[in-house]
Each structure stands twice: as structure tokens, then as C-alpha cells.
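Pasting in a structure now, in C-alpha cells, and then I'll have a few things to ask.
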Amino acid sequence: LIGIDVAKDDDLGEWYQQVITKGQMISYYDVAGCYILEPASYAIWESIKAWFDSQIKTLKVRNAYFPIFISADNLEREKEHVEGFAAEVAWVTKGGKSDLEKPVAVRPTSETAMYPYFAKKIQSHRDLPLKLNQWNNVVRWEFKHPMPFIRSREFLWQEGHTAHLTKEEAGLEVRQILDWYADVYQELLAVPVVKGQKTENEKFPGADYTTTIEGFIPATGRGIQAATSHCLGQHFSKMFNITVEDPNAKEAGKSEHIYVWQNSWGLTTRSIGVMILTHGDNRGLVIPPRVAEVQVVVIPVGVTAKMTPEAKADLYEKVKNIADDLISVGVRVETDYREGYSPGWKFNDWELKGIPLRIEFGPKDAEKGVVTTSRRDIDNKDQARGETMVDNLKEAIPKLLETIQTDMFNKAEKAYREHRVQLTDWEEFVPTLNGKNVVLVPHCEGEKCEDEVKDMSARKEIGDNVAEDAKAPAMGAKSLCIPFEQPEGIKEGQTKCINPNCKNFAKAWVLFGRSY
Ligand SMILES: O=C1CCCN[C@@H]1CCCn1cnc2cc(F)c(F)cc2c1=O
Ligand SMILES: [Mg+2]
């Protein structure tokens, strides 16, 4: 078993491929853009699902299941909605040998599968609010370079779809869901995100507005959309004729119909890839304890050939007691009694899999009544090590796991904060991007202006009087979000837009970056 033989900072693509395969998260598959989620990554998805599902159930969201196939009539109910996405819709055109009369689409998202049902189920305001969610898979036949978890042709997600009587009620839910998305990343995956609203250019065309959480990959300096929560307004209810009698109009004798107010929100298995890219190091995966299938691995050490069978049995018995103690306080524990493998080999193997905490226990430890601990999140081997009294394990180890969780988040949050550079001078824009940063700049929020910023910040071909450090052409920066948390300094009608060619005043600080 060999470890990772490429450094994260040298070749991220190769590093990522080795980390996810040697860490047994992903196995490759013979359909392009599709990957096998091995048990280790599926377990992470299950813990995300368990937590988020319990949260939405407090809002009385109910899970349901709609068909994976969508008729062309439904999918293309409104040209505008689909035209921007038509290139990535997968179609079934044959059943066995015979052509289908009318091809059916494989769902890329379920609005058009669900909303005719909404129209049927929602007749009276008493049928509101209707709140459904699906834990399912969707297919988007992307042609951009695929990357396991980050961009695949099929992925798992949850998609929530709700209908409300009022815009206000819908608006409250959109934000609550976004806050829980941020919690999935920050509290479970120990990954920092920025909450904000998408600009007109970047929002979902079918939405009134899109709120988003934006992640960051320090290794490439690129932003990444982490999850989205859309307020659809009445756009889809007008398209699918989802109306109720206005409960207030009755008294006035008018039997007015109002279109319901809808939301839709989604978080995908991309979250697992962001976690791996954020925390992984040159020894492999580093899994945050909150989502680790195995939080602690206990490994007997100092087992030598000259050890008597009784001494070995005694040591193994003590190892089992250590494991049982931890299991009794809810820690997820593995023991590694594999014969014929050295402790060093075992350490490497569990480090590849990113187990947050290792406990070593040998005759010397038994003498002293201690165990030796080794934290996976600390690179320096000496600083990673500690000693805990065997009698104190039940208190100390859960605390140590919480400390690891918090330290992993704080380390990633610091890296994101340090690479989120606030600037007001256009001259600094591209060099700062090239320094693997995202930038927070005053912007007019105009769509054309945003397109221009994207073009002006794309590194052109080599030799095209491009920045000397440019190894290759790089995409332009697009707007990631308008952060809810706005710094001071934008004076209405005074502060210039960052784009030197733009005559308009800045409306807000907007986060721009090269992105996935
Ligand atoms: O992003 C979400 C959250 C979960 C529910 N859906 C919304 C909007 C999805 C936006 N979107 C995103 N991608 C799409 C790809 C397609 F091929 C297609 F036909 C439609 C879409 C499409 O509508
Ligand atoms: Mg897309």
C-alpha cells in the first residue's frame, strides 16, 4: 500500500484523484462523468442527510418521490426556463429496440415533474403551505471537465419545493434553509462559507432571487457554489397555474384567485468534494469528526515475536476495553488487530482514510496506564501526539474530537478570510485573483458590467502581454454573491464601480472570483 505520491500544492488534480481513490471514497466507472460513491463517501452523505432531514422536518417538510422521467411537454412548459439548460438535458429515446414515440427527459431538477402535481393538490388556501422534499439523484449531461463530487453527470442531492400563501412566509423559509445549508458546511463539514444573494447575472432565471452559500478552494484560489435557496416568487405558479382563492377577498365579495408563492432549495454531494479539497493533505483524507464514519481507530503497538501469548492476549483485551469504553459514550470506534502488518503500515492506512484520531496502546502505555493519541488534522507529527489516562478516556476523547472539529473549521476559516481580499482599485483586481484569492469589490450590479469584468479578468493566451506568472490561460472572474455581510464604505451615488469602463456608481460590495 503506497500513500499519496504527489503534493497537493504541486498538482491538485492528480492529488485529488489519488486521495479519493486511495481513501476509498470514489471508484471509477465506464460511463464518462459518472463515479461510484464507495461506502466511505456514502456514509458522509448519510450523516449530512440525517442532520438536514431532521432540520427540515421541524418545518413540517415531508419527503416524497417523483419519477425520474419528465415528458418533453412538461420539461419545455416554458421555453425561457429550459433554453439556457437544453444542452445538458439527457433524453431517453428508445425502449429496447423500439424508438419512443415521444422521448422523455431524465430529470435535471424536478420543478417540471412536481408542479403539475402542486397545481392539482393546491386548490384552497387551506392546502397551503405545501412543503415537499426529495432525496434523489439528477442527471445533467455537462460537457465541462468532470470532477468527482464537484462536477458529475449524475449526482445526489436533496431538492426542496414549497408553496406559500404569502411572499413573506416564503421569504422566511428561503433564509432559514440557507442558514441550515451554512450549518451543514460549517458545523458538520468544518468548511467555511459566505452567505449572500446572487446577482441578476448569476441567479436562477426561474427565480425572483437566489440566495447562496459560496465556498473557497485555497489550493486553486477558486470560489465554488456550495448550495442555493431560491425564492421563485410567482414565476412557476403562473407557468403551472397554481392558484388559490384569496381568503381575504371573500368578504369583499370578490372571488379573487392568487398565484402561490414558491421556493426551491438544493444541496448536493458536491459538498463532500469541497470538504475533501479543503481538509485533505499530503497523507490523504482528513475527515471532520462530526461526519466521520470512524472517529477513532485503536491500534495495539509493541507486539513483538518474543511477546508471550498471554501478554499479547492481555494487551488485546485492554485494547478491546478501551474501544468499548469509547463506544459506550457514543464515539464511533474501529480496532486494528490485523496480523502481519507493522504499526507504521497501519498508521499510514488509517491516515489515508482520514480517520480524525488514532489511539496507540502498547505494553509501555499499559505500564503507565495511558494511551498515546495522534490527531489527523495536525501535520506536525510531534504536535499531533498526546497522552491520555486510560481512566479518563470517556471524558477526554469526546472533548478531543470536538477540539479537532473546531480547529479544522478555524484553520479553514482563516485561510478563506485571508484570501478574500477587499479592494477598490481595478489595477489590483487581476493580480489579486492570480494570487489565488477571491475579491470583494464595489460593483454597480449591472449585468453588462459584470460580463465585462469577466472578460477583462480572463488571462489570455501565453505571450499575450499576460501577467508573467500565468502558466496557462485562466477563466475570468464571475460574481459569486453579494454577501449579506456588507463592509462599510459604499456611499450611495458616490463610490465608483470597480470596472474602470463603467460610469455607474457602486451599489454594494460584490464577491468576485474564478470558480468551479
Ligand atoms: O437549484 C435548485 C435547487 C433545487 C431545485 N431546483 C433549483 C433550480 C435548478 C436550476 N437548474 C439547474 N440546472 C438545470 C439543468 C437542466 F438541464 C434543466 F433542464 C434545468 C435546470 C435548472 O432549472
Ligand atoms: Mg449547471
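Values below: all heavy atoms of this structure, side chains included; hydrogens, waters and symmetry mates excluded. Numbering of ligands and ligand atoms starts at 1, following listing order. Count residues from 1 along the sequence. None of the values given here were measured: they were computed from a predicted structure.
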* Asked: How far is atom 1 (O) of ligand 1 from its nearest protein heavy atom, and which residue and atom name does that atom have?
  ->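 For this ligand atom, the closest protein heavy atom is His230 NE2, 2.9 Å.
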* Between Tyr117 and Phe66, does the ring centroid distance fall short of 6.0 Å? ->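 Distance test on ring centres: under 6.0 Å, yes.
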* Asked: Within 45 degrees of the axis of the six-membered ring of Tyr516 and under 6.0 Å from its centre: does Arg222 put its NZ or CZ there?
  -> yes
* Structure fact -> In this structure, atom 19 (F) of ligand 1 is nearest to the protein heavy atom Pro108 CG, 3.3 Å
* Which residue supplies the protein heavy atom nearest to atom 11 (N) of ligand 1, what is that atom called, and how far is it? -> Phe85 CZ, 3.5 Å
* Structure fact -> shortest atom 9 (C) of ligand 1-to-protein heavy-atom contact is with Thr109 OG1, 3.9 Å
* For atom 13 (N) of ligand 1, what is the nearest protein heavy atom, given as residue, atom name and distance? -> Arg140 CZ, 3.2 Å
* Looking only at distance, does Trp157 have an N or O less than 3.5 Å from an N or O of ligand 1? ->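 Checking ligand 1 against Trp157, no N or O pair falls under 3.5 Å apart.
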* Which atoms form the tightest heavy-atom contact between Pro483 and Leu511, and what is the distance? -> CD-N, 4.0 Å
* Parallel, tilted or perpendicular: which fits the ring planes of Phe429 and Trp426, with parallel below 30° and perpendicular above 60°? ->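 Phe429 and Trp426: parallel rings.
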* For the residue pair Trp135 and Trp45, does the interplanar ring angle fall in the parallel (under 30°), tilted (30 to 60°) or perpendicular (over 60°) class? -> perpendicular
* For atom 5 (C) of ligand 1, find the nearest protein heavy atom and state the residue, atom name and distance (0.1 Å precision). =>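 The protein heavy atom lying closest is Glu111 OE2, 3.2 Å.
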